[in-house]
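All residue numbers in this chain count up from 1 along the given sequence.
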Amino acid sequence: MNHPAFLDSPDPTIYTLRTTGSGPAGKLPLTAQVLRNATSGHVFGMTQNAGMGWDPRKLLGKEFLILSTQGGIRAPDGTPVALGYHTGHWEVGLLMEEAARTFAAHGATPFAGYVSDPCDGRSNGTHAMFDSLPFRNDAAIVFRRLIRSLPTCRGVVGVATCDKGLPAMMMALAGTKHLASVLVPGGTTLKAEEAEDTAKVQTLAARFAQEEITLDYAAQMGCRACGSPGGGCQFMGTAATSQVVGEALGLSLPHSALSPSGAAVWRDMARRSALALMALEASGRTLADILTEDSLHNAMVCHAAFGGSTNLVLHVPAIAHAAGLRRPTVEDWARINHEVPRLVDVLPNGPTHYATVDVFLAGGVPEVMLHLRELGLLKLNSLTVTGQTLGENLAWWEQSERRARFRAKLRELDGIDPERVILPPAKARAAGLTSTVSFLRGNLAPEGALVKSTAIDPKLLDADGVFLHEGPARVFGSEDSAIATIKSRGSDALRQGEIVVLCGIGPASGMPETYQITSALKYLPKAKGVVLLTDGRFSGVSTGPCIGHISPEAWAGGPLGKLRDGDILRVRVDTRKLEGSVDFIRSADTTAERSAESELDARPPSEKLVANPDIPADTELWAALQGVSGGSWGGCVYDVPRIKQLLSTRTPISTS
């Protein structure tokens with residue numbers, strides 16, 4: 001009988017081995033007092049530290065933990081041994097190494113742990129999207145467990161970059177705010193020369209299906225979009241916005257968000273972050289001193305000024321909840337978006353669409369904050385990880401050599417005036433930059449909906465900044481069926497003026513993002529201005545009149561799930577007042593605008609609303625737990641007291 005060759009090895013050296021070893025040389029730095037008072041775990045931990053090769057004479061140094069979302073296996077020269085899920089976590093191990101060496105050089109003992117993260121770009125259009133948002137909660141839990149599993153830890157450096165890993169890291173740090181911690185944002189990908197950006201390149205399939213591009217063009221552009229092997233995407237999507245929010249919260253050093261991955265300034269930021277953590281710990285301060293109502297306010301203000309991703313409406317409340325703070329409400333978001341002008345011209349919002357690395361060179365978060373300070377919109381006494389207040393940090397930044405040299409570098413490298421990227425308020429008004437998020441109501445969204453109004457093409461607005469569209473519904477119960485229609489050139493193709501309704505992808509289904517749909521609607525000429533309504537969410541790079549987070553969701557009996565093809569709908573978004581409505585007007589076979597709500601109430605759910613059998617049980621559990629904890633408007637968190645209360649009132653299970 002022939003056996004597979006891999007059942008045994010042809011290598012004779014496998015038989016050269018030992019059953020004993022000499023063990024590390026030296027002695028643990030123990031004292032009688034330590035042995036009398038220490039736990040067995042503490043002493044055995046020192047034994048293992050020596051076993052891993054750490055000099056036993058240095059084991060009394062303060063212990064700091066470095067956590068990251070690192071993925072893949074890099075050779076020392078940077079070539080891949082095994083790929084990561086995305087560029088965002090491909091190089092962050094280098095930041096960990098810089099921080100670790102800095103700790104060791106100052107007599108501290110560094111530890112490292114990892115919870116890798118998925119890529120929403122890779123997941124788009126696949127069943128992997130059912131795991132995307134739920135992953136955030138899982139990762140935050142594991143990060144917190146890792147922190148608590150090093151009981152001798154004196155502080156934490158959290159290194160993360162992208163859509164779910166970075167919010168998870170902030171939730172984890174916020175949930176262990178009795179410790180000193182510093183967030184190190186993993187940076188951004190460089191622009192690729194003579195190539196499409198990483199937002200537009202995700203529409204190659206849809207454009208090819210519509211014969212907008214050739215096969216050869218798609219192959220070339222698909223290969224060249226990443227200008228560097230590491231870093232988050234080049235646009236102000238969820239990854240970049242999360243970096244901005246982390247710095248605005250005071251968790252990161254000034255001018256650390258959006259740093260170009262792999263650059264010297266990026267590595268330097270990790271070294272200085274380690275120094276900041278040691279200083280913070282020595283001062284006796286923890287994240288409890290930094291994460292406050294004031295720091296949350298500053299983060300939300302910066303989100304609005306940058307034109308950030310709507311996904312942060314999910315993540316900021318989750319961070320607040322983890323920190324034991326009041327979760328921001330829709331009213332809080334609406335108020336701040338009313339007060340704060342958008343000051344940043346960056347992908348995908350425009351109008352010029354600069355890349356995130358340009359925003360970094362133009363001054364990044366502290367430069368935007370200088371303008372916000374002048375407008376009186378910041379809480380300047382909020383403490384940051386520098387040990388100084390935000391006001392003190394901004395006073396340093398305004399006069400710093402760093403500010404002057406990086407802004408000059410943007411002119412030198414790309415010929416770009418920094419004030420075209422980060423605009424003073426007067427210039428922003430003159431350029432017509434609209435505010436960031438509008439919150440909508442209406443009979444299709446009785447509990448609310450949102451739209452990134454700053455990303456609606458100004459050509460679609462009237463003189464008062466209002467987008468208004470009335471048209472027939474085109475209803476889809478799955479993303480697959482919607483994208484097939486968008487790609488189609490046949491009789492089932494999408495028609496101009498139709499309103500795409502994508503229902504049944506709210507929190508009960510894991511709340512997948514729908515960038516495969518929204519990107520196609522943006523880049524296909526025939527779909528320009530097509531309205532999308534969904535109970536799901538969007539990638540932060542989505543643009544156009546795309547209304548998401550519609551609630552209640554279809555699976556909770558929401559009216560969106562009762563619509564039929566041809567129903568006449570009306571969408572109104574006032575991008576200046578940041579309000580509007582999403583309404584069912586009438587069915588296709590009636591003309592009178594009467595009893596619309598009554599008609600919807602009387603309808604059964606659409607036959608297109610069919611449960612997806614591929615939703616994982618893990619995601620169903622997540623959906624149930626977050627559903628009783630405030631839902632998507634509450635940040636999709638786990639409210640443990642509320643869950644325990646509900647479980648305690650359940651009907652006992654009979655054992656007879």
Separation between SG (Cys546) and CG (Leu450), nearest 0.5 Å, reads 11.5 Å

Look only at the side chain of Arg564 and the backbone of Lys562, and say whether a donor-acceptor pair between them is shorter than 3.5 Å.
yes

Test log, rule side chain to side chain contact (heavy atoms under 4.5 Å, CB included), inputs Leu249 and Leu291:
CA-CA 7 Å; Leu249 282 168; Leu291 284 175; 4.1 Å; yes

Does the side chain of Tyr114 come within less than 4.5 Å of Thr69's, by heavy atoms?
no

Derivation of the side chain to side chain donor-acceptor pair (under 3.5 Å) call for Thr575 and Ser453:
CA-CA 6 Å; Thr575 64; Ser453 46; over 6 Å; no

Under a 4.5 Å cut-off applied to non-hydrogen side-chain atoms, are Asp565 and Lys608 in contact?
yes

For His315 and Arg136, does a side-chain donor sit closer than 3.5 Å to a side-chain acceptor?
yes

Does atom CZ of Phe439 have more than 12 heavy-atom neighbours from other groups under 6.0 Å away?
yes

Taken to the nearest 0.5 Å, the spacing of Met221 CE from Lys200 NZ works out to 10.0 Å

Looking at CG of Leu204 and CD of Glu212, how far apart are the two atoms once the value is rounded to the nearest 0.5 Å?
12.0 Å

Could you walk me through whether Leu569 and Val501 satisfy the side chain to side chain contact (heavy atoms under 4.5 Å, CB included) test, starting with their C-alpha distance in whole Å, then the side-chain angles of each, then the deciding distance to 0.1 Å, before giving a yes or no?
CA-CA 10 Å; Leu569 313 180; Val501 176; 3.9 Å; yes

Measure from the side-chain N and O atoms of Gln210 to the backbone N and O of Ile486, and report whether any donor-acceptor pair falls under 3.5 Å.
yes

Look up atom CG in Asn612 and atom OG1 in Thr619, then write down how far apart they are to the nearest 0.5 Å.
10.5 Å

Any side-chain donor near an acceptor of the partner, Asp117 and His86, under 3.5 Å:
yes

Between Ser581 (side chain) and Arg572 (backbone), is there a donor-acceptor pair under 3.5 Å?
no

Check: Phe467 main-chain N/O paired with His469 side-chain donor or acceptor under 3.5 Å:
no

Heavy-atom nearest pair, Leu494 first then Arg474, reads CA-NH1, 3.9 Å

Indicate the atoms forming the closest heavy-atom contact of Thr87 with Thr189, along with that distance.
OG1-OG1, 3.7 Å

Looking at CE of Met171 and CZ of Arg144, how far apart are the two atoms once the value is rounded to the nearest 0.5 Å?
6.0 Å

Which atoms form the tightest heavy-atom contact between Leu215 and Phe208, and what is the distance?
N-CE1, 3.6 Å

Strictly distance-based, threshold 3.5 Å: is any side-chain N or O of Asp462 a donor or acceptor partner for the main-chain N or O of Val466?
yes

From Thr329 atom OG1 to Glu331 atom CD, the distance as rounded to the nearest 0.5 Å:
4.5 Å

Is the closest side-chain donor-acceptor distance between Ser551 and Glu553 under 3.5 Å?
no

Verify whether one side chain among Ser132 and Arg537 offers a donor that lies under 3.5 Å from an acceptor in the other.
yes

Looking at every heavy atom in both Pro507 and Gln626, which two are closest together, and how far apart are they?
CB-NE2, 3.2 Å

Pair Ser435-Arg342, side chain to side chain donor-acceptor pair (under 3.5 Å): steps then yes or no:
CA-CA 5 Å; Ser435 294; Arg342 178 164 67 93; over 6 Å; no

Are Asp567 and Arg603 close enough for a salt bridge, meaning some N to O gap below 4.0 Å?
yes

Any donor-acceptor N/O pair, His338 side chain to Lys577 backbone, under 3.5 Å:
yes

Taking atom CZ as the centre, does Arg326 end up with more than 12 heavy-atom neighbours from other residues, nucleotides or ligands that are less than 6.0 angstrom away?
yes

Looking only at non-hydrogen atoms, find the nearest pair between Asp535 and Met511 and report the distance.
O-CE, 3.9 Å

Can you find a heavy atom in the side chain of Leu314 that is under 4.5 Å from one in the side chain of Ser632?
yes

Side chains of Ser481 and Ser478 only: does a donor on one sit below 3.5 Å from an acceptor on the other?
yes

Does Asp639 pair with Arg327 as a salt bridge, N-O distance under 4.0 Å?
yes

Does one side chain, of Gln234 or Thr198, offer a donor that lies under 3.5 Å from an acceptor on the other?
yes

If we only count heavy atoms from C-beta on, is the Ile483 to Ile517 side-chain gap below 4.5 Å?
yes

Is any side-chain heavy atom of Val244 closer than 4.5 Å to one of His303?
no

For the residue pair Leu532 and Leu502, establish whether any side-chain heavy-atom pair is separated by less than 4.5 Å.
yes

Is the backbone of Lys459 close enough, under 3.5 Å, to the side chain of Asp457 for a donor and an acceptor to pair up by distance?
yes

Less than 3.5 Å apart, any donor N or O on the side chain of Tyr217 or Glu196 sitting next to an acceptor on the other?
yes

Between Asp345 and His353, is there a donor-acceptor pair closer than 3.5 Å when you use the side chain of the first and the backbone of the second?
yes

Show your working on side chain to side chain contact (heavy atoms under 4.5 Å, CB included) between Ser587 and Glu599 and close with a plain yes or no.
CA-CA 9 Å; Ser587 60; Glu599 182 173 349; 3.3 Å; yes

Do Trp555 and Pro605 come within less than 4.5 Å of each other through their side chains, counting heavy atoms only?
no

Consider only side-chain N and O atoms of Asp120 and Ser123, and report whether a donor and an acceptor are under 3.5 Å apart.
no

Stepwise, does the side chain to side chain contact (heavy atoms under 4.5 Å, CB included) test hold for Ile615 with Glu620?
CA-CA 7 Å; Ile615 295 176; Glu620 291 185 303; 4.0 Å; yes

Which atoms form the tightest heavy-atom contact between Val301 and Leu377, and what is the distance?
CG2-O, 3.7 Å

I'd like to know if the side chain of Asp583 and the backbone of Val571 have a donor-acceptor N/O pair within less than 3.5 Å.
no

Check the angle between the aromatic planes of Trp633 and His549 and answer parallel, tilted or perpendicular using the 30° and 60° thresholds.
tilted

Mind checking whether Val316 and Leu296 have side chains closer than 4.5 Å, heavy atoms only?
yes

For the side chain of Glu339 and the backbone of Ile336, is there at least one donor-acceptor N/O pair under 3.5 Å apart?
no

Residues Arg642 and Ser629: side-chain donor-acceptor under 3.5 angstrom
no

Among Thr241, Asp163, Thr436, Thr238, the one residue meeting side chain to side chain donor-acceptor pair (under 3.5 Å) with Ser309
Thr238

